[in-house]
There are 2 protein chains.
Amino acid sequence: MNHGPRAAARNRAALVTAAREIYAQYGLDAPLSAIARRAGVGQGVLYRHFPDRAAVATAVLEENVRQVEKAAATEDLTFAGVLGVLTWHLTESAAFIGLLHADGAGRSGIRAYALALSERVERALRGHLPDGHRLGAADDLMLAVAMVSGAVTGPTREERERRALAAWRLLVVEVGPVRPFEG
Amino acid sequence: MNHGPRAAARNRAALVTAAREIYAQYGLDAPLSAIARRAGVGQGVLYRHFPDRAAVATAVLEENVRQVEKAAATEDLTFAGVLGVLTWHLTESAAFIGLLHADGAGRSGIRAYALALSERVERALRGHLPDGHRLGAADDLMLAVAMVSGAVTGPTREERERRALAAWRLLVVEVGPVRPFEG
């Protein structure tokens with residue numbers, strides 16, 4: 001048996017991947033035991049890497065947020081393009097929806113983390129917001145994101161993408177291709 | 001002690017009122033014990049009236065839906081007027097938000113009830129939808145309701161109303177006064 005740092009890093013990565021999949025299916029309230037089982041490790045190993053539920057959720061959401069930030073950092077991506085990447089993460093992750101739809105995240109006791117992550121998403125988007133855009137005033141940008149998050153339901157990613165795009169269309173906001181960011 | 005039908009009806013009414021208040025504060029995942037405590041009855045009495053969590057939630061949501069239906073049945077209320085009553089119930093009840101924001105309701109195991117109630121809300125609204133309204137096409141009506149539901153967060157009813165009205169404004173949909181229906 002190898003309990004060295006390499007095995008630890010592998011276990012951590014497996015746990016984050018498992019958590020992302022479980023959250024996508026069941027939301028942030030999924031039991032931690034299901035995450036450990038999916039990752040093929042014992043619950044003791046899970047607790048060694050993540051002291052509590054909030055730590056697991058944050059590790060997963062951190063990935064979503066970082067992808068949106070990377071997309072936003074790309075000079076030649078338009079606001080619509082960044083929204084496309086954001087929308088991909090909304091359709092892919094029930095947990096990410098919960099984050100941007102503030103009260104859902106609050107229930108799982110990760111409100112402070114959620115707020116900080118949500119503010120990073122807002123900064124990433126706002127940096128690309130063109131002058132005179134219809135979401136330019138006050139809270140409208142993140143209000144629109146919460147509205148689209150509220151609409152993104154459905155059993156398959158395709159159905160969730162269809163609803164997300166219909167929601168942006170109702171908001172009269174142009175969205176680029178819905179896709180992960182491949183820097 | 002009086003265990004007759006009158007006391008039973010009183011207990012049931014007290015439980016529904018308590019559940020409405022508890023759900024408004026904590027959402028549909030609030031423990032049943034909190035509802036019994038707020039109503040001032042034992043958990044045994046709660047279970048006599050409501051065999052499970054779904055039965056309690058349905059009794060509360062039934063009230064919200066019936067109010068919207070009553071408003072819609074009023075000949076002289078416009079679509080905007082009915083939306084105003086719907087919006088009042090959204091700002092007053094976290095449970096009602098969960099209902100119209102389909103996945104939230106699903107998690108509490110009341111999906112079938114939720115679907116039937118949500119369809120009643122849709123019928124009530126659709127009956128008043130003017131020809132050529134921008135929410136007239138296909139799924140747009142309930143998509144818009146889900147979007148506004150997603151935006152209605154915040155610690156006070158006033159804040160939730162402010163956000164709901166901002167959401168309808170972003171959708172370019174006129175809403176009448178936000179108020180309960182007083183038939």
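Proximity to chain A at a heavy-atom threshold of 4.5 Å picks out nothing from residues 31-40 of chain B. The interface of residues 167-174 of chain B with chain A, defined by heavy-atom distances below 4.5 Å, comprises Ala167(B), Arg169(B), Leu170(B), Leu171(B), Val172(B).
Side chains of Leu143(A) and Met147(B) form no contact here, defined as non-hydrogen atoms less than 4.5 Å apart.
Ala151(B) and Ala146(A) make their closest contact through CA-CB, 4.4 Å (heavy atoms, listed as atom of the first residue, atom of the second, distance).
A 6.0 Å sphere centred on CZ of Arg120(A) holds more than 12 heavy atoms belonging to other residues, nucleotides or ligands.
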